[in-house]
Amino acid sequence: MEVCYQLPVLPLDRPVPKHVLSRRGAISFSSSSSLFGAPDPRQLSQRRGAISYDSSDQTALYIRMLGDVRVRSQVGFEPERRSSHPYLCIDFRTLHTRLGFGSTSASSAPERRIHRLLSFQRYLHSSRLLRGVPQQIPLHILDEDYTGQARCMLEKVGNWNFDIFLFDRLTNGNSLITLTFHLLNQYGLVELFRVDMVKLWRFLVMVQEDYHSDNPYHNAVHAADVTQAMYCYLQEPMLAKSLTSYDILLGLLAAATHDLDHPGVNQPFLIKTDHYLATLYRNTSVLENHHWKSAVGLLRETGLFSHLPAEDRLNMERELGSLILATDISRQNDYLSRFRMHLDQDNLCLSSASHRHFILQMALKCADICNPCRPWELSKQWSEKVTEEFFQQGDIEKKYRLEVSPLCDREQNTVGNIQIGFMTYVAEPLFAEWARFSDTRLSQTMLGHMGLNKASWGGLQQEQTSVLEEAEPGTEGVAAQGDGDTATATGGASSKETPQGSRES
């Protein structure tokens, strides 16, 4: 049986790039193809999961796969010890829908070979295609009304009340691809950096695929929302007049990939279940390191910047990592203290590359946790989504008799309590300092929305408390319990279990 895939549309006078012909999904092949036969050992030695790398590059020697994982390197890193904990047999793709016990050893041999060549998300996408499930409808054949509305929205992409949920529906779930492509084009970065359009589109498609659509919060829509917020900050006068095209390119790429391949659970969960990622990154910024390395893997796999000198590519990868690692909420106080010190001493010099990079880090941190600063209709949706992701982790922890992480017990916490604690102890201090740095209409708008949203959650909490007290007149401890929940949330807000946009969340 022959399975056919559609080639990207290319100009007639232009040869098909080799990278297009080298990837399943862009070619036609039969079941007798070498894809399902014994893999070439040389290929496996140069490819781990979704990472392509040079054998001399030790930083890229890791595997992104969540099944049958081994970690090897040239610096004595032994194959990792797989824990016997039952959670590690659970497929991240079905984490929230099927909590059964599986085993990678039960997979067929061809399936295991595919696993070694594909990232988890692209394996799922590939397997659906092989089972005959139709691909997602491409944007260009959607109803013209939808595409027209999407284009109209892109004309106002710099508005702070941009509705990313509506935009995602209008683009048929392709908000991250469409938005990022538009912004890179709008800045003229595609032409300036001589980026191949086919490679760029392929890169963005792979980035969107590697976000887990099953995650209520950490998914491609969140990445698109952060990218749109980052664009708003890049348009602020202080940054617009100082940042270089290279800075803007890095900022947009970091925003689009900052949560790449997020599993929907936080770092403490990975550590206590002895997950291979925690072992690989020695329990330090585990998820952020994974997001960064995943982004580097896709850059190298697509060859997006292969035309640039090797030194420039490596510098770009390092600086991209520096931006993504800044989103580690456990280091929030370090960055905030440094930011505050610069503002107190009035010594930020944006003609300095290092200072511009630091401001990009702070801008990405703000974009990552800006949900409380959005209008109520948008902010409330994000709050409910991130809290549901916490609660789903708590349900898993209860199922396997693990200690339930702070903020993850749906019986002890509410959306309102978690959000009030997060705004008070994490978001407000950060955005107050950002307003000192960039005292503009946008900064004041964000602080205004956050104040109103906090008051709205407080009002909802009081209503819920009143309802409970009326239902059970003898339970005076209800209000006290609510305060306890708030204390729990605020306690978590200064630790690694900090909610809302945390990479460890």
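- In this structure, Glu463 has no salt bridge (charged side-chain N to carboxylate O under 4.0 Å, His left out) partners at least two apart in sequence or on a different chain.
- For the residue pair Gln393 / Glu397, a side-chain donor-acceptor distance below 3.5 Å is found, with atom types taken as modelled.
- Taking 4.5 Å as the limit, some side-chain heavy atom of Trp457 sits within range of a side-chain heavy atom of Met423.
- Under the rule for a ring pair (Phe, Tyr, Trp, His ring centres under 6.0 Å), the partners of Phe167 that lie at least two apart in sequence or sit in another chain are Phe162.
- Listed by chain and number, the residues in a side-chain contact (heavy atoms from CB on, under 4.5 Å) with Lys385 are Phe165, Tyr217, Trp382 (sequence neighbours excluded).
- With sequence neighbours left out, the side-chain contact (heavy atoms from CB on, under 4.5 Å) criterion links Ser322 to His357, Gln361.
- Applying the side chain to side chain donor-acceptor pair (under 3.5 Å) test to Arg340 and every residue at least two apart in sequence or in another chain returns Glu433.
- Counted by atom type alone, Thr327 and Asp368 present zero donor-acceptor pairs between their side chains at under 3.5 Å.
- Looking at residues two or more places apart in sequence or on another chain, you find a ring pair (Phe, Tyr, Trp, His ring centres under 6.0 Å) between Trp434 and Tyr233, Phe437.
- Partners of Thr227 according to the side chain to side chain donor-acceptor pair (under 3.5 Å) rule, which considers only residues two or more places apart in sequence or in another chain, do not exist here.
- Ser379 places no side-chain N or O within 3.5 Å of a backbone atom of Pro375 that could act as its donor or acceptor partner.
- In this structure, His218 has its ring center at least 6.0 angstrom away from the ring center of His291.
- Using modelled atom types and a 3.5 Å distance limit, the side chains of Ser456 and Asn453 yield no donor-acceptor pair.
- At a threshold of 4.5 Å between non-hydrogen side-chain atoms, the residues Leu298 and Leu260 count as touching.
- Annotation: side-chain contact (heavy atoms from CB on, under 4.5 Å) contacts of Ser337 (sequence neighbours excluded): none.
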**Q.** CA sep, side-chain torsions, deciding dist, call: Glu389, Asn215, side-chain hydrogen bond (donor to acceptor under 3.5 Å, both in side chains)
**A.** CA-CA 7 Å; Glu389 192 166 294; Asn215 291 346; 4.7 Å; no

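- Between the side chain of Asp274 and the backbone N or O of Ile271 there is no donor-acceptor pair closer than 3.5 Å.
- Between the side chains of Gln208 and Asn174, a donor-acceptor pair is found at a separation under 3.5 Å.
- With sequence neighbours excluded, no residue forms a side chain to side chain donor-acceptor pair (under 3.5 Å) with Arg331.
- With sequence neighbours excluded, the residues that form a side-chain contact (heavy atoms from CB on, under 4.5 Å) with Ala224 are Ile164, Ser175, Leu176, Leu179.
- Using modelled atom types, one finds a donor on one side chain and an acceptor on the other under 3.5 Å when comparing Asp261 with His212.
- In this structure, the side chain to side chain donor-acceptor pair (under 3.5 Å) partners of Asp409, at least two apart in sequence or on a different chain, are Lys398.
- Scanning for ring pair (Phe, Tyr, Trp, His ring centres under 6.0 Å) contacts around Tyr335 gives an empty result, with sequence neighbours left out.
- Looking only at atom types and distance, the side chain of Gln419 has no donor-acceptor partner in the side chain of Lys454 under 3.5 Å away.
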